[in-house]
Amino acid sequence: MKIKKNSLKKVTILLLIIVIILISFVGVYEKQLNKMVNTLPEYKFGMDFSDIREVRLNVREDTVTKYYDENGNEVDMPDDESESTNITSKEVPVNSEEKLTAENFAKTKKILEDRLDALYIEEYQIRQDENGYIVVELPENDDTDFYVETLMFMGKFEIKDSETNEVLLDNSNISDAFATTYSSDGKNMAAYLIINFDQEGKQKFEDITKTYIATTDEEGNETKKVVTVSIDDQTIASTYFGKTMSNGQLQLKLGSETTSSDTLLTYYRETLMIANSIRYGQLPIEYTVENQEVLLSTVRQDVVQVLWIIGAVLIVILVAYLIIRFNKGLLIGISWIGFIGMFLLLIRYSNSVITINSIVGMVVICIYQYVFLNAVLSNKQNRSFKEILAKYSIYAIPLYIIAVIFTFASKLAVNSFGMALFWGSAIMAVYNLLITKNLIDEK
């Protein structure tokens, strides 16, 4: 009776493993319209296996026309001929020779990296040569245009008198900037640009809120003294203040209030681009997009197929060795393939990104599981399954440590390797206790 019970248990476990293998390697299909579609989540691939947008940025070499009064002070372009008296014009390079230094090139690259990091882009590459030429590689998806636009902001922030164009506050007075959303009535939402000023800017801003206000004379005529807020010389707001603000924080609503989540997302993204361009500083050198090109993945599809074939052949060879070498090699071989299938399912459902590094991590876990199973079959000292599992769990402590540390890394190349080790280590312990242990005898 006990033998029948054990046999039934093993058959059930084997059937479960076969189901796992079929689901993982074949899929679960359902009919959608006129075709069968796999309902399992798609693998999420990194830049190694997906298309890349290569954006080439070059230092601007063109000139702009600037106007000067009789004292040599820069002024705005005159509106008509009567105002052009004693006004001279001059063609000035966008980037003067004094700006084109190695220090400014490095600073520009650092600012662009900070902007991309602030958007939590999982993977990107940025290169710069000694002449300041920059190449940025980004994953090609629906957000790529947004990423590119973020790079092109100069980040020049100014609050000016709307009549005299006198600069009242600029980047040098800012300590931080960020974007947020807020609802004033609990229904409509709006995107806000929040700018915090440093100690000096805080005092200047307070003086501005006292000066630029609406006043009414004795006859009831209202006069408004207005400031303009601009980014890269483009006005984003014209306003006056109704009360003195001493907290050193400027809040600007960009876009209108809305109940549409899609519209709100559009406003928020625009606000986020502006906030990041201010937060990480103004670019010391102005760039232009020289070219954008979508490149095929560095690891082409035919190479991926070859890797799958090589992996399948190695699995067959290693399982064949177990079958030939050990009496229970077939059971353990099926268990190992089931482990690989379960591991791949977990990679799908955990939304882990597959990169070259993560594949290395997955191979490490699968080989370690194979070595453990080989030790179980080679059990010359007649140890219990739990003893062997405990022994190899101790051996795997360095893997656990690396997995935890690398999982929290910001760069995908490192993070993906850590995630593969983390999920593999987690499933290895559970799978061996629930599946492998019950598939074979204790000894």
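Computed from a prediction, not measured in an experiment: that's the story for all the values here. All values below were derived from every heavy atom in this structure, side-chain atoms included, with hydrogens, water molecules and symmetry-related copies excluded.
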Would Asn95 and Tyr287 count as a side chain to side chain donor-acceptor pair (under 3.5 Å) here? Give the steps. CA-CA 9 Å; Asn95 293 300; Tyr287 280 76; over 6 Å; no
For residues 271-286, the side-chain hydrogen bond (donor to acceptor under 3.5 Å, both in side chains) pairs (sequence neighbours left out) are Arg60-Glu286, Asp176-Arg279
Between [X] (side chain) and [Y] (backbone), is there a donor-acceptor pair under 3.5 Å?
{"X": "Ser24", "Y": "Ile20", "result": "no"}
{"X": "Ser175", "Y": "Asn196", "result": "yes"}
{"X": "Glu158", "Y": "Val229", "result": "no"}
{"X": "Asn38", "Y": "Leu40", "result": "yes"}
{"X": "Glu206", "Y": "Met245", "result": "no"}
{"X": "Asp232", "Y": "Met154", "result": "yes"}
{"X": "Thr144", "Y": "Leu138", "result": "no"}
{"X": "Ser162", "Y": "Val226", "result": "yes"}
{"X": "Ser183", "Y": "Asn188", "result": "yes"}
{"X": "Asp161", "Y": "Thr164", "result": "yes"}

Verdict with supporting geometry, Asp170 and Lys156, salt bridge (Lys or Arg N to Asp or Glu O under 4.0 Å): CA-CA 8 Å; Asp170 58 19; Lys156 179 183 177 183; over 6 Å; no
Hey, mind stepping through Glu293 and Leu295 against side chain to side chain contact (heavy atoms under 4.5 Å, CB included) and telling me if it holds? CA-CA 6 Å; Glu293 185 178 1; Leu295 306 177; 3.7 Å; yes
Answer whether the closest heavy-atom distance between the side chains of [X] and [Y] falls below 4.5 Å.
{"X": "Leu100", "Y": "Ile285", "result": "yes"}
{"X": "Ile208", "Y": "Tyr240", "result": "no"}
{"X": "Val227", "Y": "Leu168", "result": "yes"}

Does a salt bridge link [X] with [Y], judged by any charged N lying under 4.0 Å from a carboxylate O?
{"X": "Lys225", "Y": "Glu163", "answer": "no"}
{"X": "Asp145", "Y": "Arg53", "answer": "yes"}
{"X": "Arg127", "Y": "Glu137", "answer": "yes"}
{"X": "Lys99", "Y": "Glu97", "answer": "no"}

Evaluate Glu91 against Thr65 for side chain to side chain donor-acceptor pair (under 3.5 Å), listing each step before the verdict. CA-CA 5 Å; Glu91 293 297 317; Thr65 304; 2.4 Å; yes
For the atom pair CG (Leu389) and OH (Tyr392), what is the distance rounded to the nearest 0.5 Å?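 Nearest 0.5 Å value for the CG-OH distance: 11.0 Å.
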Could you work out, with side chain to side chain donor-acceptor pair (under 3.5 Å) as the rule, every residue matching Gln369, not counting sequence neighbours?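 Side chain to side chain donor-acceptor pair (under 3.5 Å) list for Gln369, sorted by chain: Asn432.
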How would you list, by chain and number, every residue that makes a side chain to side chain donor-acceptor pair (under 3.5 Å) with Lys202, sequence neighbours excluded?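 Once residues adjacent in sequence are excluded, Lys202 has no partner under the side chain to side chain donor-acceptor pair (under 3.5 Å) criterion.
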Any side-chain donor near an acceptor of the partner, Thr258 and Ser260, under 3.5 Å: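 On atom types as modelled, these side chains do not qualify, holding no pair under 3.5 Å.
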Polar side chain donor-acceptor pair, Ser416 to Thr355, under 3.5 angstrom: yes
Do the ring planes of Phe339 and Tyr431 sit parallel (below 30°), tilted (30 to 60°) or perpendicular (above 60°)?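 Ring orientation, 0 to 90° scale: perpendicular.
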Parallel under 30°, tilted from 30 to 60°, perpendicular over 60°: which one fits the rings of Phe197 and Phe157?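 Aromatic pair Phe197/Phe157 classed tilted.
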Can you pull the salt bridge (charged side-chain N to carboxylate O under 4.0 Å, His left out) pairs that have at least one residue in residues 100-112, sequence neighbours excluded?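 Matches after skipping sequence neighbours: Lys109-Glu113, Lys110-Asp114.
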Would you say CD of Glu61 has more than 12 non-hydrogen atoms from neighbouring residues, nucleotides or ligands within 6.0 angstrom?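 Open.
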A quick test of your reading: do over 12 heavy atoms of other residues, nucleotides or ligands sit less than 6.0 Å from OH of Tyr395?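 Not buried by this count: 12 neighbours or fewer within 6.0 Å.
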Please, which pairs that meet ring pair (Phe, Tyr, Trp, His ring centres under 6.0 Å) have at least one residue in residues 206-229, sequence neighbours excluded? none
One pair to check against ring-ring contact (aromatic ring centres under 6.0 Å, His included): Phe205 and Phe241. What are the steps and the verdict? CA-CA 11 Å; Phe205 183 58; Phe241 301 91; 5.7 Å; yes
Does Thr436 form a side chain to side chain contact (heavy atoms under 4.5 Å, CB included) with Val376? I'd like the steps, not just the answer. CA-CA 10 Å; Thr436 309; Val376 171; 5.7 Å; no
For residues 340-348, which side-chain N or O atoms pair as donor and acceptor with protein atoms under 3.5 Å away, sequence neighbours left out?
| from | atom 1 | to | atom 2 | distance (Å) |
| --- | --- | --- | --- | --- |
| Arg348 | NE | Tyr43 | OH | 3.4 |
| Arg348 | NH1 | Pro41 | O | 2.8 |

Work out which heavy atom in Leu421 is nearest to a heavy atom in Ala403; give both atom names and the distance. CB-CB, 3.6 Å
